[in-house]
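Everything below concerns the one structure shown next.
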Amino acid sequence: MTNLHSRRAAAVALSVGVLVAFAGDSRAQRTISRDGTTAAQFLEIGVGARAEAMGGAFATATDVSALYWNPAGAAAMTSNEAMFTYTSWLAGVKLNYAAFALNLGRVGTVGASVYRMGSGNMAVTTELQPDGTGQTFEVVDAAVGLTYARQMSDQLSLGGSAKYIHSDIARSSASGIAFDIGLQYATPLRGVRLGMAITNFGNGLQVSGPDVIVRTQVSDNGEQVISSLGTQQWELPLGLRFGVGYEPIKRDNVKLTVSSDVLYPNNANPFVNAGAEVGYRDLLFARAGLRELFLDSRDGASFSLGGGLKAYDVKFDYAFTDMGRLPNVQRLTLGVEF
């Protein structure tokens, strides 16, 4: 049995080493930035103050936030859970995320989530009225998802999500369907868990609506026809996430969790997120993390800090994220077990 565990441990270590090496090789080969080349990029803004305080290294999530990070993690839940996250994003944009998951025993875990980003009212301006026409519009992005996860064995769990995505800007909109697929594996190494997820796999978004209808002059005498602008279809922010979570200390009073994710997005070079959490009596928590390590297109890795409090079955979490030259971002999350 010891030899079997040793072989498994060696295989896990080799897998992690190969993936990290591949991330470095991919980073060296890809030099052209694809920032801003995908639609619905709000889907890449992480949810949950706990996860974000740990730098977004959460492929091994085992609570209700797994519906966003890795649907397979929901299978590890031992109770029903719900969460609500409020994020004060950049330029006055607000993000709200709500999710719940029900543990159905041997049947598996089912869940649902709603993610909404809103710009608030903005003034309509034109070339002739640069100070505003008196009208307003709003940009709204939203996603509604359904998740199913199941424990396939004592060590392996699988999960998947289907999401309906909708974007509105003024009188134009775009919609699409996307899927997330994930797995988690509890390794023979005590306290070590692996996670992998493919997120936002689906068709692209193409804007349509009254705002793409224009009048086009077709003759010298001023004759016009009503025509439609041919908008381009844009890819969704597809990503592959591989993560490792480890609990080097797990005692009655103190538990230390460290995690790291390697990400391969289709709109940026690969990068690494890393974080840690210290818990005292499953009551008080302190967290810190680094994100976007080794990503050349950024000014440098940003850091995050946060903490949490659990009272009975209610959890309060807070996260602060440094955004470099941009304003800082803060998140609040309320979680309930029932």
Side-chain angles (χ1 to χ4, degrees), residues 33-49 52 56 67-68 84-99 112-145 161-180 199-214 228-239 265-268 292 297-298 302 319 321 323-333:
S33 173
R34 295 196 66 211
D35 289 353
T37 59
T38 55
Q41 289 198 254
F42 77 102
L43 295 172
E44 295 185 295
I45 302 174
V47 304
E52 285 301 310
L67 271 62
Y68 173 85
F84 174 79
T85 295
Y86 169 79
T87 302
S88 178
W89 194 243
L90 307 172
V93 172
K94 308 298 182 185
L95 295 97
N96 295 298
Y97 179 85
S113 60
V114 179
Y115 195 0
R116 183 186 187 277
M117 181 184 77
S119 66
N121 289 331
M122 296 187 291
V124 174
T125 61
T126 66
E127 293 181 13
L128 300 178
Q129 295 174 291
D131 294 326
T133 64
Q135 298 176 314
T136 61
F137 73 99
E138 186 176 10
V139 178
V140 176
D141 289 322
V144 179
S161 299
K163 297 183 286 190
Y164 172 74
I165 303 165
H166 185 81
S167 295
D168 274 318
I169 177 169
R171 298 182 300 163
S172 299
S173 63
S175 300
I177 301 293
F179 301 92
D180 298 346
T199 56
N200 305 319
F201 176 77
N203 63 312
L205 300 187
Q206 186 172 11
V207 174
S208 62
D211 285 340
V212 302
I213 304 300
V214 296
S228 176
L229 297 175
T231 57
Q232 183 176 347
Q233 188 177 71
W234 294 89
E235 298 175 284
L236 292 174
L238 177 69
N266 66 342
N267 56 8
E292 298 181 346
S297 61
R298 301 289 191 266
S302 61
T321 303
M323 300 293 287
R325 298 180 183 179
L326 300 174
N328 301 321
V329 170
Q330 301 185 64
R331 291 176 172 86
L332 293 171
T333 296

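Numbering of residues begins at 1 and proceeds along the displayed sequence.
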Query raised in the report: Which pairs count as salt bridge (charged side-chain N to carboxylate O under 4.0 Å, His left out) when at least one residue sits in residues 115-125, sequence neighbours excluded?
Result: Arg116-Glu138
**Report entry** Gln330: partners by side-chain hydrogen bond (donor to acceptor under 3.5 Å, both in side chains), with sequence neighbours left out
**Finding:** Tyr318
Requested in this report: Please name all residues satisfying side chain to side chain contact (heavy atoms under 4.5 Å, CB included) with Trp234, sequence neighbours left out, ordered by chain then number.
Outcome: Ala39, Gln232
Report summary line: Phe84 and Ala98 have their tightest heavy-atom pair at CD1-CB, 4.1 Å
Query raised in the report: Do you know the tightest heavy-atom contact between Met117 and Leu95?
Result: CG-CG, 3.9 Å
Query raised in the report: Going from CG on Leu332 to OG1 on Thr87, what distance comes out if it is rounded to the nearest 0.5 angstrom?
Result: 8.5 Å
**Report entry** Note, Ile45 side chain near Arg331 side chain (heavy atom, < 4.5 Å)
**Finding:** yes
Report task. Under the side chain to side chain contact (heavy atoms under 4.5 Å, CB included) rule, collect the residues that match up with Met122, sequence neighbours excluded. Result -> Ser119, Phe137, Val139
Query raised in the report: Does Thr85 have any side-chain hydrogen bond (donor to acceptor under 3.5 Å, both in side chains) partners at least two apart in sequence or in another chain, and if so, which?
Result: Thr333
**Report entry** Neighbour count >12 (heavy atoms, 6.0 Å) for atom CZ, Phe201
**Finding:** no
Requested in this report: Applying side chain to side chain contact (heavy atoms under 4.5 Å, CB included), name anything that partners Ala112, two or more places apart in sequence or on another chain.
Outcome: Phe100, Leu146
Report task. Provide the closest heavy-atom pair for Ser113 versus Ala99 in the form atom of the first, atom of the second, distance. Result -> CB-CB, 3.8 Å
**Report entry** Where Glu52 and Gly46 come nearest, the two heavy atoms and their spacing
**Finding:** OE2-CA, 3.2 Å
Report summary line: Tyr97 meets the ring pair (Phe, Tyr, Trp, His ring centres under 6.0 Å) criterion, sequence neighbours left out, with Tyr115
Requested in this report: Apply side-chain hydrogen bond (donor to acceptor under 3.5 Å, both in side chains) to Glu44 and list each qualifying residue two or more places apart in sequence or on a separate chain.
Outcome: Gln41, Asn267
Would you give me the side-chain donor-acceptor pairs under 3.5 Å for residues 163-173, sequence neighbours excluded?
residue: Lys163; atom: NZ; partner: Asp180; partner atom: OD1; Å: 3.3
residue: Lys163; atom: NZ; partner: Asp180; partner atom: OD2; Å: 3.2
residue: Lys163; atom: NZ; partner: Asn200; partner atom: OD1; Å: 2.5
residue: Tyr164; atom: OH; partner: Ser175; partner atom: OG; Å: 3.1
residue: His166; atom: ND1; partner: Ser175; partner atom: OG; Å: 2.6
residue: His166; atom: NE2; partner: Asp168; partner atom: OD1; Å: 3.2
residue: His166; atom: NE2; partner: Asp168; partner atom: OD2; Å: 3.1
residue: Ser167; atom: OG; partner: Asp141; partner atom: OD1; Å: 2.6
residue: Arg171; atom: NE; partner: Asp211; partner atom: OD1; Å: 2.9
residue: Arg171; atom: NH2; partner: Asp211; partner atom: OD1; Å: 2.9

Query - By side-chain hydrogen bond (donor to acceptor under 3.5 Å, both in side chains) - contacts of Thr199 (at least two apart) - result: none
Query raised in the report: In chain order, what residues pass the side chain to side chain contact (heavy atoms under 4.5 Å, CB included) check against Ala142, with sequence neighbours excluded?
Result: none
**Report entry** CG on Leu238 to CZ on Phe179, rounded to 0.5 Å
**Finding:** 13.0 Å
Query raised in the report: Which pairs pass side chain to side chain donor-acceptor pair (under 3.5 Å) with one or both residues in residues 121-133, sequence neighbours excluded?
Result: none
Report task. Please examine the side chains of Thr231 and Ser208, heavy atoms only from C-beta on, and report whether any two atoms are closer than 4.5 Å. Result -> no
**Report entry** Sub-4.5 Å side-chain heavy-atom contact between Leu236 and Thr38
**Finding:** no
